Structures are given as structure tokens and as C-alpha cells.
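The model shown is predicted, which means the values in this text are computed figures rather than measured ones. FYI, the numbering just counts along the sequence from 1. Heavy-atom basis, side chains included; hydrogens, waters and symmetry copies ignored.
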Amino acid sequence: MKYIGMFFLACFLSLPVLAQEDSTTTDDDEFDFSEFELAAPPAKAYCTNKVLGQSPTSLIGVFYNQQLPHNLNVGPAANSILHPEEEVQVALAQQFSLVSNFPIISRNNILINLGVNYQLLDYQIEDPYNHPFTKVLDESTFHRANITATLFKPFNEKNFILAQLQTELNGNYDFNSIDFGKLKFPLAVLYGWKPSDRLMYAFGLSRTYLGGALNYVPVVYYYHTYKNQKWGVEALLPARAMLRYRFNSISYMGLGFNVNGASFSLKDAVAPGVMPAVPSYYDAQDVEWRRSEIRAGLSYSRQVHGFFWMSAEIGYRINYSFNVDSGGDFVRFFGSDEPYFIENNLANTPYFTIGLSYVSP
């Protein structure tokens, strides 16, 4: 019995060893993974159109801008001595804006947005009736309306194309007498790189009215959020640039500049009863007001409820162009010494802007 008990004890102790040896002889050694095929090829990855910490994208927003009183020096029209140079006071310069930007196609390999934007500009001039231009400026309401299509097309995780096409109609027209022959077509195309989720940059060329008149200029797109995710840069040069500081997920501050430029058709500038009977004014066909300014300021934006954000900005408006051209729409390069039909000098002044936006999730 002693030997029988020892035999069963030895068998019992050998079971774990046998089990361990069996477990090492698995079917993996005989299994052919090549017999398996993926149901579909792996999805291709694409870069996105934003960097981490970027300021929210407004889907629709309303804004109001006002500039403090300032002086306007109005020059004489070309070939005319009946209206010499004079200086007037701009008692009020204000702007109402409605902007929108909605995705039409939104996929990981293409994004197309469509925006409809409208601006109303109003000037109040003290004693404006000594010069034809100041009379038009005081009596008119200026409209700026455009439709903007934006394309973001990534090729892979690192490269993309960014393009924007606008059609806009600017002037002191009323909605019963819109002249679609005055349509203008700004355009920009850029090719870019996205090395990381915190950095995007691109280079391209634009057909723009940034300086007031039609021009062709290179553009640089640069969006960068630093490692601490508090500081960042958002720039589309030469149009705008902002140094961003994010306090938290619902508020941020920006320091930078925006260039606002457009060419406005002056419908009444050659109409009888508005301009006096001076041959040089009537001979000036397709009169265009070349308006361009730089707004350098400090802004603060904060979420107020859900996807609604409020913004406020104070700063200094620097005039670049407030001149009048004749001859319609033509290219005027930066630094051109070609004389204007009326050359004006607008004094710089402080400004403020407030706005309410509904932003994308």
C-alpha cells in the first residue's frame, strides 16, 4: 500500500508539468496568417483644417464697429480748380456686419464652406456740401455684399490645398438699382503643410482688393499653437495676424491687426444734381472709392451660452487709402505713383468693435 500511494502521488504531481508542456505546443506554430484577408483596405488618413487650441470658427455672427471723430482732408479732382482742397470733420463713422460660414461638404478628404456676408457703412460729415466727394460720403449708405466659397483639400496627413473664391458687389447703390456689371472677384490659392496637430503653414497667391484697388500679392498662412496650449499665432499675411492667449476653454484674448480693403463704385458721383456741372467730374467714368485701413487692437472673446460667443475689441485705425479713382476696376500695385482722380488724407483714430457669434461645435 505504501508503494501504491507513492505511485498515485507521483502521478498527481506530474499533471501540472504535463499540462505546461502541452500548452507550449500550440496551434500557432502551425497556423498560416496569410490565409486571412482584410475585409477592406485600411482607411487613408488626412490632416484636418485646424490646429489644437485654435479660436472658434464662427458659423454666423453680427458685429458693430465705430470710429471716434476724426478729420478728412479732401483733395481737388484732377483737372479741376473749382473745388480746391479742404478739410472736414468726420463726426461719425460706423459699420454693421453680418457674416456667415457654413459647411456644404464636410468629409475627411475634402471640406467646402459657403459664406454670405454683408456690411453697411455710414459716415456723417460736418459741413459736407463744399466738395462733391464729401457730399456723396455724407448722403450715401455704402453696401458691401459678398458670397465666399472656401475649399480645404488634404492630400494626406501632411499636405493640403487651401483656396477661396469671392464674388462681391460694393458701392452706394440701392437694392432697386443694382448693377451686376460692377461685380468683383477676389481669389486666393495656397499650398500647405501640417507637420503636427499644433502647426499649419501655407504659401500662395491672391487676387485681392486689400489695398483698395485690385492687386496681386503673395500670401502666407501660419497657424501655430505652442506646447503649453495657452499661446498661439493665427495669421494670414498680409491680411491679418493675431497673437492668441487662451485663458481656458471658454475665453481667450488676442492682440493683432486686420486689414480691411475694398473698392466701392460711386453710382451718384457722376449723376446730375449731386456733382456740379464741372466737365472733369462728368468725364470721369466708373468712379471707384478705394478704401483700405488697418485696425490694430486688443480683443477678448468669451462663451456666453452653449455655442454663443461674445467678443469686444478696442484699438487704433490706421488709414491706408481713402482715395477716388476713375476708369473702373484696374490693377494698382502697392507703391504705384499713378495719380488718383481725387486724393484724400484721412486722419487715424481709435475704434471699438463688439460682436455676437454662433460658433461651430
Side-chain angles (χ1 to χ4, degrees), residues 48-68 93-108 111-122 143-152 162 164 166 168 197-198 200 221-226 228-236 239-260 262 293 295-317 350-361:
T48 65
N49 65 322
K50 295 182 179 180
V51 297
L52 294 176
Q54 183 176 325
S55 58
T57 301
S58 175
L59 296 179
I60 187 168
V62 290
F63 300 89
Y64 174 75
N65 171 268
Q66 184 178 127
Q67 301 175 8
L68 273 62
Q94 58 184 346
Q95 174 183 304
F96 301 89
S97 302
L98 174 64
V99 300
S100 65
N101 183 38
F102 294 100
I104 303 301
I105 299 176
S106 182
R107 299 198 295 263
N108 64 339
L111 176 64
I112 298 178
N113 283 14
L114 187 66
V116 179
N117 308 297
Y118 173 74
Q119 292 180 0
L120 184 150
L121 290 81
D122 177 59
H143 309 275
R144 183 182 183 186
N146 66 59
I147 299 175
T148 303
T150 304
L151 166 71
F152 178 80
L162 183 62
Q164 187 176 82
Q166 288 185 352
E168 64 179 27
D197 289 335
R198 296 183 294 104
M200 295 177 69
Y221 179 94
Y222 182 81
Y223 273 53
H224 187 197
T225 298
Y226 297 100
N228 60 14
Q229 307 222 0
K230 291 287 188 180
W231 292 95
V233 174
E234 300 180 13
L236 180 60
R240 56 180 171 84
M242 177 179 70
L243 177 64
R244 182 193 69 240
Y245 179 79
R246 183 176 288 276
F247 296 101
N248 46 51
S249 61
I250 63 170
S251 63
Y252 69 92
M253 181 176 63
L255 176 66
F257 70 89
N258 281 274
V259 181
N260 295 282
E293 63 186 27
R295 297 178 185 174
L298 180 70
S299 64
Y300 176 77
S301 299
R302 182 178 179 84
Q303 180 188 36
V304 290
H305 180 73
F307 297 112
F308 286 95
W309 284 62
M310 285 202 68
S311 62
E313 181 177 334
I314 57 172
Y316 198 64
R317 193 268 298 141
Y351 75 89
F352 70 88
T353 304
I354 56 174
L356 176 65
S357 301
Y358 183 83
V359 306
S360 64

Review point. Taking it one step at a time, do Phe63 and Ser311 satisfy side chain to side chain contact (heavy atoms under 4.5 Å, CB included)?
Key: CA-CA 9 Å; Phe63 300 89; Ser311 62; 3.8 Å; yes

Practice item. Please round to the nearest 0.5 Å and tell me the distance separating atom CD of Glu168 and atom OG1 of Thr148. Key: 8.0 Å

Check your understanding: Between atom CG of Asn113 and atom OG1 of Thr150, what is the distance when rounded to the nearest 0.5 Å?
Key -> 6.0 Å

Review point. Looking at CD of Gln66 and OG1 of Thr353, how far apart are the two atoms once the value is rounded to the nearest 0.5 Å?
Key: 10.0 Å

**Study point:** Polar contact flag, side-chain donor to acceptor under 3.5 angstrom, Ser97-Arg144
**Key:** no

Revision key, fill the gap. Between the OG1 atom in Thr48 and the CZ atom in Phe152, the distance rounded to the nearest 0.5 Å is 6.5 Å

Exercise for review: Report the C-alpha distance between Arg295 and Gln67 in whole Å, list the side-chain angles of each, state the deciding distance to 0.1 Å, and finish with yes or no for side chain to side chain contact (heavy atoms under 4.5 Å, CB included).
Suggested key: CA-CA 10 Å; Arg295 297 178 185 174; Gln67 301 175 8; 4.2 Å; yes

Practice item. Please round to the nearest 0.5 Å and tell me the distance separating atom CE of Met253 and atom CE of Met242. Key: 10.5 Å

Study note, to complete from the structure: Here the pair of heavy atoms bringing Tyr221 nearest to Asn49 is OH-O, 4.2 Å

Point to revise | Within 6.0 Å of CD1 in Ile314, more than 12 heavy atoms from elsewhere | key: no

Review point. Can you tell me how far CG of Leu114 sits from CZ of Phe102, rounded to the nearest 0.5 angstrom?
Key: 9.5 Å

Practice item. Look at the rings of Phe96 and Tyr64 and say which category their plane angle falls in: under 30° parallel, 30 to 60° tilted, over 60° perpendicular. Key: tilted

